[in-house]
2 protein chains.
Amino acid sequence: MSENVGRWLRDEIENSILSNEFSPGERLDETVLATRFGVSRTPVREALMQLDAIGLIEIRPRRGAVVIDPGPHRVYEMFEVMAELEGLAGSLAARRLDKTSREAITATHGRCEQSAAAGDSDAYYYDNEEFHKAIYAAGRSDFLEQQCLQLHRRLRPYRRLQLRVRNRLSTSFLEHCAIVDAIFAGDGDEARRLLRGHVGIQGERFSDLVASMAAR
Amino acid sequence: MSENVGRWLRDEIENSILSNEFSPGERLDETVLATRFGVSRTPVREALMQLDAIGLIEIRPRRGAVVIDPGPHRVYEMFEVMAELEGLAGSLAARRLDKTSREAITATHGRCEQSAAAGDSDAYYYDNEEFHKAIYAAGRSDFLEQQCLQLHRRLRPYRRLQLRVRNRLSTSFLEHCAIVDAIFAGDGDEARRLLRGHVGIQGERFSDLVASMAAR
DNA sequence: AATGCTATTCTTGTATACACGATTGTTGAC
DNA sequence: GTCAACAATCGTGTATACAAGAATAGCATT
């Protein structure tokens with residue numbers, strides 16, 4: 001548990017939302033949450049205020065908090081922005097790559113290769129996250145890294161669904177290879193272009209997303 | 001005043017921070033704020049939690065809240081991300097431009113022209129904001145627009161300082177012209193490139209920024 | 001039977017009280 | 001004279017109490 005209950009509750013409720021334990025549109029009753037977690041309403045309210053500020057829930061004055069339902073279109077928009085940010089991170093990584101970052105990327109890339117070869121989509125899901133985080137870090141921009149991590153976290157559930165799509169695992173890894181090549185070659189523009197394509201959702205992948213979201 | 005005190009306080013304190021009434025690094029005492037605004041500590045705490053979630057202040061457990069000092073380097077990183085997001089907005093605007101957005105851009109661009117011609121940097125500061133907001137809206141991505149507005153708001157104080165730099169007003173307007181041309185021509189890539197250059201801080205403009213920040 | 005009004009209940013919003021950890025100032029020892 | 005330890009004080013963290021608005025159910029009226 002974190003050092004104060006409010007923060008702990010924020011993480012706890014955030015996880016519950018991101019893992020779909022609280023469904024979009026669901027009402028979050030302060031008293032219910034308080035008794036459920038065995039605390040008073042005060043830290044619950046503080047947690048909810050923070051989640052509202054982040055944009056995960058909406059607090060309608062005097063009418064309680066509900067989990068925001070982004071909807072397919074909004075999720076698409078979020079991937080669009082994510083693609084742009086990752087593109088920037090990639091281009092910065094290509095320009096600023098140092099030994100530590102290079103090793104981190106190589107290591108996580110290697111783990112992705114193993115999971116992909118094994119066809120283990122759960123393992124790949126995790127390794128893929130680490131790979132992308134390594135790129136954020138390699139960009140050497142704290143603010144950008146922070147923004148990327150936040151959006152990445154928020155898109156996590158949808159990303160997971162997407163990996164279930166046929167062949168996505170192997171194509172994803174092939175894209176990773178090209179991205180690594182571009183970054184290691186110091187080609188920022190190419191890294192940016194590839195990452196935009198890798199993260200963004202174009203063409204049929206949008207219908208895949210919609211279908212997987214509807215399936216929940 | 002907003003419908004509930006917490007939200008009102010959040011806006012109030014946020015404005016105070018962004019207008020430099022609360023300096024970076026300054027301690028925000030809950031009791032002091034409560035008495036100052038004539039309310040109890042409860043809504044003050046809720047406001048602070050939200051500002052912490054947004055990233056404007058940092059709440060160190062049991063040690064109170066302090067206004068975050070981004071420092072020149074972090075501000076540079078923020079402008080870098082802003083440039084990327086505006087670039088995306090511009091490219092989307094070029095592709096999706098409709099009559100309403102076109103008129104909004106034309107109108108705000110016209111107002112910028114007048115302020116620039118008059119050499120009125122305060123008026124230009126305001127008109128420039130509206131011009132950029134018109135581009136965000138033209139992109140037709142609610143999420144992107146939201147992100148742009150949030151970051152724009154956070155960078156507002158630094159943007160203002162920058163306009164004071166010699167000749168910045170006229171060069172800024174010339175850049176606007178090229179951006180408008182690209183968007184109206186439907187050239188998304190060019191709009192993106194120009195906006196990245198317009199918003200980002202390269203070369204000597206970084207030292208201008210540092211100097212203006214130090215001057216406060 | 002359906003609809004509108006009113007009263008009750010339930011939930012949120014704010015204030016206050018209390019407890020615990022951090023900070024600071026003072027005193028004593030080396 | 002400086003440093004350390006302890007005590008007092010101050011501020012944060014959580015709980016609870018109270019007030020006010022929103023939802024709901026029941027009753028009356030058409």
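The chains referred to below are lettered A, B, ... by the order of the sequence lines, with proteins before strands, and numbering in each begins at 1.
Applying the side-chain contact (heavy atoms from CB on, under 4.5 Å) test between B/I183 and each of B/L194, B/L97, B/L92 identifies B/L97 as the sole match.
Between the A/N15 side chain and the A/D11 main chain, a donor and an acceptor come within less than 3.5 Å of each other.
Using a cutoff of 4.0 Å between basic side-chain nitrogens and carboxylate oxygens, A/R36 and A/E12 are not scored as salt-bridged. A salt bridge links A/E175 with A/R168: at least one charged nitrogen is closer than 4.0 Å to a carboxylate oxygen. Ion pairing between A/E129 and A/R159 fails under the 4.0 Å rule for side-chain N and carboxylate O.
Side chain to side chain, B/Q146 and B/Y136 fail the donor-acceptor criterion of an N or O pair below 3.5 Å.
D/dT12 atom P lies 9 Å from atom CG of B/L48, rounded to whole Å. The CD atom of A/E30 sits 8 Å away from the C1' atom of C/dT11 (whole-angstrom rounding). Atom CG of B/D29 and atom P of C/dT23 are 14 Å apart (whole Å). One interatomic measurement links the two molecules: CD of B/Q50 to P of C/dG13, which rounds to 11 Å at whole-angstrom precision. Spacing between atom CD1 of B/I59 and atom C1' of D/dT12 amounts to 10 Å, rounded to whole angstrom units. Between the CD1 atom of A/I57 and the C1' atom of C/dT12 there is a distance of 13 Å, given to the nearest Å. The distance from atom CZ of B/R62 to atom P of C/dG21 is 6 Å, rounded to the nearest whole Å. Rounded to whole Å, atom P of C/dA22 lies 13 Å from atom CZ of B/R27.
Under 4.0 angstrom from either OP1 or OP2 of C/dT23 there lies at least one side-chain N or O belonging to B/R63.
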Under 3.5 Å, which N/O atoms of the protein pair with N/O atoms of nucleotides 14-16 of chain D?
from   : atom 1 : to    : atom 2 : distance (Å)
D/dT14 : OP1    : A/V5  : N      : 2.4
D/dA15 : OP2    : A/S40 : N      : 2.6
D/dA15 : OP2    : A/S40 : OG     : 2.8
D/dA15 : N7     : A/T42 : OG1    : 2.8
D/dT16 : O4     : A/T42 : OG1    : 3.2

